[in-house]
Colleague: 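Just dropping this structure here.
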Amino acid sequence: MNGDSSIVLEGRKLNRQFGFGRNRFFAVSDVDFVFRSGEIISIVGESGSGKTTLAKMIMGLLKPTSGEVMFRENPRSLRTKADREEYWKSVQGIFQDPFSSFNQFSKIQTLLLDCINLLKLKLSEEEKMNMMREACGFVNLEFDELYNKYPFELSGGQMQRLMIARIFILKPKVLIADEPTSMIDACSRATILDMFLKLRKQNDMIIVFITHDLGLAYYVSDTIYIMEHGKIVERGNAATILESPVHSYTKRLLADVPKLKEAWDLG
Amino acid sequence: MIGTLRILIRSPKFIIGLAILAVVLGTVFVYPMVNTADPVEMVASGFDPPSAQYILGADNFGRDTFLELMYGTRTSLYVGLIAGVFATVVGLVLGLAAGYIGGLADNVITLITNMFIVIPSFVILILVSVSINSRSSTVTALIIGLTSWPWTARAVRAQTTSLRNRDHVNIAKISGYSTTKIILFEILPYIASYVVMAFILQIASGILSEAAISMLGLGPYNTVSLGIMMNWALMFEAPAAGAWWAFVPTSLMIAAISFSLFMMNTGMDEIFNPKIRN
Amino acid sequence: MNSYLKYFLKKFGWYLLTLVVAITLNFFLPRMIKGNPVSVIVSAMSQGMSDVNAQKKLYESYMHQFGLDKPLFQQYLIYFQNILHGDFGVSFGNYPRRVSNILASAIPWTLGLQIPAILIGWLLGNLLGAFTAYKKGVFDKIIFPAALFVNSMPFFALSIIMLYVFGLHLKWFPIGGGYGYQMIPNLSLSFIGSVLQHHFLPFISIVLVAIGGQAIGMRSMSIYELNSDYVLYAKLMGIRDSRVVRYVFRNAVLPQVTGLALSIGTMISGALITEIVFNYPGIGTWLFTAIRTLDFPLISGCTLMITLAVLAANFTIEIIYGLIDPRVKATQMEGQ
Ligand SMILES: Nc1ncnc2c1ncn2[C@@H]1O[C@H](COP(=O)(O)OP(=O)(O)OP(=O)(O)O)[C@@H](O)[C@H]1O
Ligand SMILES: [Mg+2]
């Protein structure tokens with residue numbers, strides 16, 4: 001938004017190739033980005049345009065074939081365990097499918113306890129319980145009913161809210177949300193979006209929404225990146241892109257969201 | 001765990017298999033406590049027919065065939081079990097390594113696995129056995145395990161490869177899990193049922209391999225196993241002597257044990273893969 | 001066709017590499033554990049032969065032929081070279097017969113027994129398996145356990161029981177050998193008749209076990225296909241049952257072709273032991289004799305032949321599979 005806030009995460013010519021020889025293709029090619037603190041960003045593109053691949057590279061879950069990610073203006077290192085823990089305390093993610101985001105064999109509390117352990121806080125059992133209770137309260141879940149349950153006993157919306165509770169505990173600087181509401185019913189969708197925004201207000205974190213819905217992107221974000229076939233074809237201020245799109249692909253995406261202003265006039 | 005057992009109990013195939021196995025195990029371990037005679041003592045003359053005293057008569061050496069069958073089954077079960085454990089552990093480790101690490105390690109392990117699936121294990125079994133002079137049953141079991149791990153490795157690799165990219169593994173990673181912890185808590189629980197099923201098949205194939213290799217005269221030394229009993233029956237021409245008791249019960253015992261294990265495996269398969277339920 | 005040629009070449013290369021690995025194992029495995037092969041051969045010779053003169057000649061010919069005084073790796077190269085020339089050395093137990101000569105006499109018997117038995121067993125097994133899956137009910141409840149039980153029995157156990165019942169007890173069939181022992185191989189009708197008579201029992205034992213194994217695999221494959229969405233859809237659309245069954249059979253039989261490739265090693269090995277039971281003049285019986293007399297060149301020749309046969313069978317199946325499966329494309333061969 002405002003040019004003078006500090007750069008937290010920066011991508012320089014990120015590439016990711018899959019396959020070899022004749023089957024080789026670039027899922028992500030030459031992507032540059034700059035995420036400044038306090039910003040909400042959306043990366044918009046059709047299915048298969050490379051959004052998830054890019055998200056995974058940003059999260060450090062996938063090695064770029066070439067290019068570099070700068071973290072707080074230094075090249076990101078994930079070599080040692082300490083490096084990785086440090087990075088994941090600051091950069092976190094939420095995935096598309098809440099059902100596959102949960103280990104079906106661990107109880108709910110494991111998910112949240114792991115986050116507390118990642119923070120390396122010296123807490124008593126009681127304090128840990130309170131922390132998890134508070135996180136669940138934030139997402140309107142009753143911790144004492146849930147903590148001993150298994151994921152298959154929850155609904156998709158509840159699962160995704162638990163994923164937000166995770167973020168509430170970790171309070172990262174950057175949150176990558178890869179289509180976090182695409183598998184959830186419309187009702188919970190609005191609630192969950194509101195939780196994201198509330199979370200950001202409290203912690204001043206960068207949220208990167210990944211979505212194929214330009215309308216949603218406009219509704220929540222300051223900056224929009226448009227992605228097509230692994231490339232960023234247009235970027236800029238959300239309102240500017242919506243009012244005067246330059247690239248033909250953006251125009252096409254825009255045509256799919258007819259009554260934009262009304263549709264997202266939820267407030 | 002308890003829940004899984006409760007589901008399994010509802011499969012008639014699993015129960016039948018388990019029941020047969022239990023009867024075999026019960027007989028084989030209880031009878032020698034009742035009849036404490038030495039199984040290799042020659043108590044009758046060669047190929048004596050079944051009688052009240054020796055219900056399965058005597059073998060070519062004049063030993064009590066029934067008692068021998070009890071001890072032979074024990075050896076065969078032991079060999080099958082050790083071979084199964086060995087093959088499962090090796091297959092699991094290699095399969096996990098290939099599937100989880102991916103890249104070059106995957107290519108190398110997959111290449112070796114595929115080769116050893118195609119090169120007949122029987123041949124390797126012969127080549128190794130022929131060159132070891134005094135094989136105990138444990139050594140025989142290890143040789144068998146050495147030739148049968150590729151099946152498990154291949155199945156584990158396929159499962160691991162598809163699990164590795166699941167989001168719960170990604171969540172575990174960004175929660176700071178080490179690789180060991182991810183394999184133990186995020187991958188293993190998902191493949192556990194397959195591994196147990198593969199283990200059961202490995203035991204059965206270990207017992208069959210022991211029988212085959214002993215038939216060739218390359219079985220364990222200084223012991224009685226089902227394969228060795230079959231080998232004796234053939235070498236001393238029990239069929240020509242009309243001594244069916246020297247090989248029919250042994251054949252049926254081998255078949256009964258592997259049948260029970262196959263049944264258990266099929267029952268589990270139907271439960272864990274609902275698609276193949278009839 | 002171009003992509004099929006690529007598939008073919010790739011498979012060929014892979015199998016060639018596997019063959020080299022197998023030959024290498026054939027050389028190194030026995031030596032790795034035994035240590036010095038000279039002493040092994042000397043001790044084996046003194047056990048197998050009484051003629052001192054012949055023993056000495058054999059020893060010298062071995063030292064020379066296999067370069068046993070040279071370093072192991074050089075011996076390996078010599079071994080490889082000999083094999084490429086079809087030279088497997090001289091048998092200890094049947095001196096002065098050459099191993100290649102013994103193998104050449106045994107191979108037709110083994111092939112003549114196993115190829116028809118395995119193919120017919122595979123075919124009948126698949127039909128039976130598809131049938132039980134389709135019929136379900138009582139039929140499935142009887143056939144499935146029966147097939148599983150037969151499959152649980154090692155080939156040789158079934159063979160020995162068949163030998164006893166039909167050969168010795170009922171005297172319907174001869175009890176051993178490849179043909180009447182008083183006969184001299186020729187092309188007369190009586191000789192061929194004798195061969196067929198001797199062929200029957202081992203053949204049936206192999207076929208029965210093969211049917212069992214294949215029927216089980218085909219049954220679960222067919223059930224899987226029968227439960228799939230397209231069958232349900234076809235039924236809702238009112239497509240005739242017989243056509244659905246044809247589809248199901250075709251889809252289920254493809255994995256069974258791969259299944260045959262995977263199980264052929266076990267089948268061939270099992271069938272070899274059947275030969276021993278019937279004293280059939282094939283590779284299996286020779287292998288048995290060789291192991292008893294510690295005839296190392298013959299053991300090694302037999303194991304190499306078995307490996308070669310199994311690899312060739314696998315290769316053939318994969319090549320046929322590539323022809324019948326429309327999905328085989330260059331991209332889908334990455335597995336191997
Ligand atoms: N591990 C992988 N191996 C090979 N190809 C891959 C892999 N992961 C992704 N791809 C390919 O990369 C391309 C981009 O995939 P990606 O998942 O990043 O798309 P996406 O924009 O997230 O799509 P969606 O909206 O459907 O989630 C796709 O064509 C996909 O098939
Ligand atoms: Mg995606």
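Owing to the predicted nature of the structure, the values given are computational and were not obtained by experimental measurement. Keep in mind that the numbers below use all heavy atoms, side chains included, and drop hydrogens, waters and symmetry copies. A note on names: the letters A, B, ... follow the listed sequences, proteins ahead of strands, and every chain is numbered from 1.
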Colleague: Tell me, which pairs form a salt bridge (Lys or Arg N to Asp or Glu O under 4.0 Å) where one or both residues lie in residues 187-202 of chain B, sequence neighbours left out?
Modeller: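 Non-adjacent pairs meeting salt bridge (Lys or Arg N to Asp or Glu O under 4.0 Å): zero.
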Colleague: Using heavy-atom distances under 4.5 Å, tell me whether I94(A) contacts chain B through its side chain, its backbone, both, or neither.
Modeller: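 I94(A) has no heavy atom closer than 4.5 Å to chain B.
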Colleague: Compile the donor-acceptor pairs under 3.5 Å between side chains in residues 76-94 of chain B and protein atoms, sequence neighbours left out, one pair per line.
Modeller:
from   : atom 1 : to      : atom 2 : distance (Å)
S76(B) : OG     : G72(B)  : O      : 3.4
S76(B) : OG     : E210(B) : OE1    : 3.3
S76(B) : OG     : L226(B) : N      : 3.1
Y78(B) : OH     : T138(B) : OG1    : 2.8
T88(B) : OG1    : G84(B)  : O      : 2.6

Colleague: Measuring from F105(A):CZ to L188(B):CG, what's the distance to the nearest 0.5 Å?
Modeller: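 Atom-to-atom, F105(A):CZ and L188(B):CG are 10.5 Å apart.
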Colleague: Just jot down the side-chain contact (heavy atoms from CB on, under 4.5 Å) partners of I206(A), sequence neighbours excluded, or say none.
Modeller: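 Applying side-chain contact (heavy atoms from CB on, under 4.5 Å) to I206(A) gives V8(A), F35(A), I41(A), V174(A), V208(A).
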Colleague: If the cut-off is 3.5 angstrom, what donor-acceptor pairs do you find between chain B and chain A?
Modeller:
from    : atom 1 : to      : atom 2 : distance (Å)
H168(B) : N      : S100(A) : O      : 2.8
I174(B) : O      : Q92(A)  : NE2    : 2.8
S175(B) : OG     : R166(A) : NH2    : 2.9
G176(B) : O      : K81(A)  : NZ     : 3.4
Y177(B) : OH     : D114(A) : OD1    : 3.3
Y177(B) : OH     : D114(A) : OD2    : 2.5
F185(B) : O      : N103(A) : ND2    : 2.7
E186(B) : OE1    : N103(A) : ND2    : 3.3
E186(B) : OE2    : N103(A) : ND2    : 3.2
Y190(B) : OH     : Q104(A) : N      : 2.8

